[in-house]
Amino acid sequence: MRRRTLLAGAIVSAMSTSALTGGTARAADPGPSVTRTGTTTLDNQAVFFVSYDGLVNNNSFQKNGLLTYKGYQYAVWYTADKNAVVGRRVLGGSTWSTVQVGHTLKTSDSHNVISMGVSKVDGRLHLNMDSHSDGFTYVKSVAGLMDNPAGLSWTAARFGAPQSTLDGLALTSQFTYPQFVSTPDGKLQLSYRAGISGNGRNALAEYDGSTWTNLGEWSASTGTYTSEHGSSTARNMYLHGIDYDRNGRLHSFFTWREQNGAVMCNSGGITNHDTGYVYSDDRGRTWRTNAGTVVGTTGGSDKVAVTDSGLVIDALNPDHSLMNQESQSTDSSGLPHAIISYVPGRFGQCTTNYVADRTANGRAFHVRKNASGTWQKTEIPVVLGSSQRTKLVLDKYDNAYAVFPFGRIAAASKASGYTDWTVLFDGSGLNAFGEVVIDELRVAQDNVLSFMYQEKSSGTTPSALHVVDFALPA
C-alpha cells in the first residue's frame with residue numbers, strides 16, 4: 001500500500017477561517033496593486049505553433065525565459081525561422097538588442113523551450129534549449145558579460161558555440177525541463193528530469209565557475225501507488241519550481257504523474273495526483289519533508305519516493321485534472337507559497353477530458369505555509385477559462401499576485417491572510433494566447449511585475465512577442 005500522510009495541522013480553508021491569518025502586516029504596508037507602465041515588442045514575427053496546448057516561447061515552466069540582472073533585462077525566444085535569440089534592454093528601456101546564438105529549433109514541440117541562468121561567480125549567461133526526453137543544446141557567454149553590460153557590446157561573439165553537453169558533461173540521453181537556479185554562494189545549478197513523462201527522475205547539476213558536476217538524481221520513479229481505481233508502479237515527480245529563499249533554503253512543491261492510466265476514473269483525464277513539498281538546507285544534497293525528516297539524498301541510493309511518508313501537503317486523487325509544474329515562490333520570511341489548479345469536487349468527482357474540464361470548471365488555489373507552521377489553502381475566485389498554468393509573484397510587502405492565462409492578474413493582501421483575492425487586470429488589449437513567462441527576479445530589482453506573452457495566431461502563422469510591465473506598490 002502507498003503511505004500518504006497529510007501533515008498534522010492539515011490544510012484548512014483560509015477563506016472560511018479568519019483566525020488563520022499567518023501574521024499581521026504593519027499598518028503602513030499597502031495592499032496589492034498594479035499600474036501598467038508600458039509594453040515592448042521583442043519580435044513582430046516569432047515562431048508560432050500549438051503543441052501540448054502551449055507555445056514554445058511561452059511555456060510558464062521555463063526558468064528563466066525572462067530575467068533581470070544588474071539593471072538589465074534579458075529574454076529568449078525562437079524567431080519565425082526558428083533561430084534561437086537572446087535579447088537585452090536597460091530596465092525600463094523601450095529598445096531590445098538581440099543576438100542569434102547559432103541554434104535552430106529542431107522540431108515543433110512546445111517543450112523545447114529556452115531557459116536562462118546566471119552564474120554569479122563568473123558573470124556568465126547560460127542557455128539550455130531544445131530538449132524533450134532526448135538531448136539538449138547548451139550555450140554560455142564569455143565570463144563577465146552579465147557584470148558589465150554597459151561596457152561590453154551585445155554581439156554573437158560574446159557567446160560560445162552550441163554544445164550537446166555541459167562543457168563535456170553529458171548528463172542523460174533523456175533530458176527535459178531545464179531550470180537554472182543561482183545558489184546563495186554564487187554557483188549555478190541546473191535542475192532537470194531524466195527519463196520520460198510517467199517514468200522519470202529529478203536531478204541536479206552544478207557549475208562552480210570553471211566546471212560542471214553532475215550531482216545526480218534525487219527523486220524516484222519506482223514504488224506502487226494505488227488509487228480507488230487501480231495501481232501504478234512507475235511515475236515522475238513534476239516540480240512547481242525550485243527556489244532558494246533569502247536564508248539559503250531550497251524549496252520545491254511538486255505533483256506526481258503516474259504511468260498507468262488505471263489509477264484514473266476515466267481515460268480522458270490526467271494521472272497527476274497530490275501536492276507535495278520538500279526542502280533542502282545543504283544546496284540540494286539532501287531533501288527533507290516539511291517536518292524535517294530526511295527523505296532523499298541527491299546521487300545516493302535513497303530517493304524521494306511516492307511511498308515516503310510526510311510528503312503530501314494537499315491530498316488529491318487523479319480524478320480532478322490537477323495541473324503539473326504550476327508555480328511557487330517564497331516570502332520575505334522564507335515561507336513557501338504555491339499556486340496549484342484542478343477541477344474542484346463540486347463540479348464532479350471524475351473529469352473525462354482534462355482540457356475541456358479544466359477550461360470550463362478549473363480553479364486555482366493559493367497554498368502557503370504560515371508563520372505557525374500550518375499549511376493553508378485558499379481558492380482564488382477566478383474561472384481559469386483555460387487548461388493552462390497560472391504564475392505566482394510576491395511583492396516586497398508579501399502581497400500575492402496570480403498571473404492567469406491570457407495575462408489576467410488577481411491579487412490578495414498579506415494583511416487579509418490572503419483571503420481578499422481580487423482581479424486587478426483583466427488582460428484587456430493583450431490578445432495573449434495563454435500562458436505567460438514571468439520575470440521572477442525583477443520584482444526584487446525594481447518593484448516591477450514583468451511578463452512575456454505571445455499574441456494569438458492560427459496554424460503556424462508567426463505572431464508578435466511582447467513584454468508588459470506593471471509597477472507594484474512602492
Side-chain angles (χ1 to χ4, degrees), residues 1-7 10-13 51-54 61 193 195-200 219-240 253-277 304-309 311-327 338-367 375 377-390 405 434:
M1 289 290 292
R2 176 180 64 132
R3 290 177 288 136
R4 185 180 67 182
T5 302
L6 186 62
L7 299 178
I11 292 178
V12 293
S13 171
S51 161
Y52 296 93
D53 207 30
F61 54 73
R193 185 187 72 191
I196 61 173
S197 175
N199 191 7
S219 73
S221 58
T222 55
T224 299
Y225 166 82
T226 301
S227 74
E228 61 189 283
H229 310 293
S231 297
S232 176
T233 57
R235 69 204 45 80
N236 71 278
M237 175 194 286
Y238 274 121
L239 302 183
H240 288 307
F253 290 86
F254 62 87
T255 60
W256 295 106
R257 173 173 293 179
E258 298 300 321
Q259 185 179 61
N260 190 350
V263 300
M264 295 187 294
C265 61
N266 186 281
S267 61
I270 193 168
T271 61
N272 297 342
H273 63 89
D274 296 324
T275 297
Y277 169 78
V304 182
V306 73
T307 51
D308 288 327
S309 298
L311 294 176
V312 175
I313 62 165
D314 187 40
L316 188 71
N317 69 23
D319 297 339
H320 294 274
S321 294
L322 176 68
M323 180 49 66
N324 49 283
Q325 298 162 286
E326 199 111 28
S327 189
I339 295 289
I340 65 173
S341 66
Y342 57 88
V343 178
R346 66 180 182 271
F347 296 108
Q349 297 299 324
C350 180
T351 56
T352 58
N353 181 315
Y354 87 91
V355 171
D357 291 342
R358 282 180 55 84
T359 300
N361 297 315
R363 297 294 188 274
F365 298 81
H366 176 212
V367 179
W375 290 98
K377 175 183 172 184
T378 305
E379 180 175 337
I380 303 174
V382 175
V383 177
L384 287 185
S386 167
S387 66
Q388 297 178 293
R389 300 170 180 88
T390 298

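Source: prediction; values computed, not measured.
- Taking 4.5 Å as the limit, every side-chain heavy atom of D357 sits out of range of all side-chain heavy atoms of T359.
- Counting heavy atoms from C-beta on, the side chains of Q349 and H320 come closer than 4.5 Å.
- In summary, the side chains of D319 and H273 do not present any donor paired with an acceptor at a separation below 3.5 Å, with no hydrogens or angles considered.
- When all heavy atoms of D53 and Q388 are compared, the closest pair comes out as O-NE2, 2.6 Å.
- Taking 4.5 Å as the limit, every side-chain heavy atom of M323 sits out of range of all side-chain heavy atoms of I340.
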> Is there a side-chain contact (heavy atoms from CB on, under 4.5 Å) between R235 and Q259 once you walk through the steps?
Replying inline: CA-CA 5 Å; R235 69 204 45 80; Q259 185 179 61; 6.0 Å; no
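- Distance check, rounded to the nearest 0.5 Å: CZ of R193 to OG of S219 gives 10.0 Å.
- The two residues M237 and V304 come nearest to each other via the heavy atoms CE-CG1, 3.6 Å.
- Side-chain contact of R389 with S327: a donor-acceptor pair under 3.5 Å is absent, judged by distance alone.
- Tested against N324, the residues T255, T271, N272, N236 include a single side-chain hydrogen bond (donor to acceptor under 3.5 Å, both in side chains) partner, N272.
- Using a 4.5 Å heavy-atom cutoff, the side chains of T378 and V367 are not in contact.
- Across T224 and T233, no two heavy atoms sit closer than the pair OG1-CG2, 3.7 Å.
- Taking the six-membered ring for Trp and thresholds of 30 and 60 degrees, W375 and F253 have ring planes more than 60 degrees apart, a perpendicular arrangement.
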>> Checking D274 against D314 for the side-chain contact (heavy atoms from CB on, under 4.5 Å) test, could you report, in this order, the C-alpha distance in whole Å, the side-chain angles of both residues, the deciding distance, and whether it holds?
In response: CA-CA 6 Å; D274 296 324; D314 187 40; over 6 Å; no
> Between T390 and I380, does a side-chain contact (heavy atoms from CB on, under 4.5 Å) hold up when you go through it step by step?
Replying inline: CA-CA 11 Å; T390 298; I380 303 174; 5.8 Å; no
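- Closest heavy-atom contact between P344 and F365: CG-CZ, 4.0 Å.
- For D308 (side chain) and A305 (main-chain N/O), a donor-acceptor pair under 3.5 Å exists by modelled atom type.
- The heavy-atom pair separating G223 from T307 by the smallest distance is CA-CG2, 4.4 Å.
- Looking at H229 and V263, their side chains never come closer than 4.5 Å, going by heavy atoms from C-beta outward.
- Distance CG/L322 to CD1/I270: 8.5 Å, rounded to 0.5 Å.
- Put simply, CG on N317 and OH on Y342 are 10.5 Å apart, with the number rounded to the nearest 0.5 Å.
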> Going through the checks in order, is the ring-ring contact (aromatic ring centres under 6.0 Å, His included) test met by W256 and Y238?
Replying inline: CA-CA 6 Å; W256 295 106; Y238 274 121; over 10 Å; no
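- Between Y52 and S387, every side-chain heavy-atom pair lies at or beyond the 4.5 Å cut-off.
- Taken from CZ in R257 to OG in S221, the straight-line distance is 14.5 Å, to the nearest 0.5 Å.
- Looking at R363, E326, E379 one by one, the single match for side-chain hydrogen bond (donor to acceptor under 3.5 Å, both in side chains) with S341 turns out to be E326.
- Annotation for I339 and A364: closest pair CG2-CB, 4.2 Å, computed over non-hydrogen atoms.
- Once rounded to the nearest 0.5 Å, the distance linking NE2 of H240 with OH of Y277 reads 13.0 Å.
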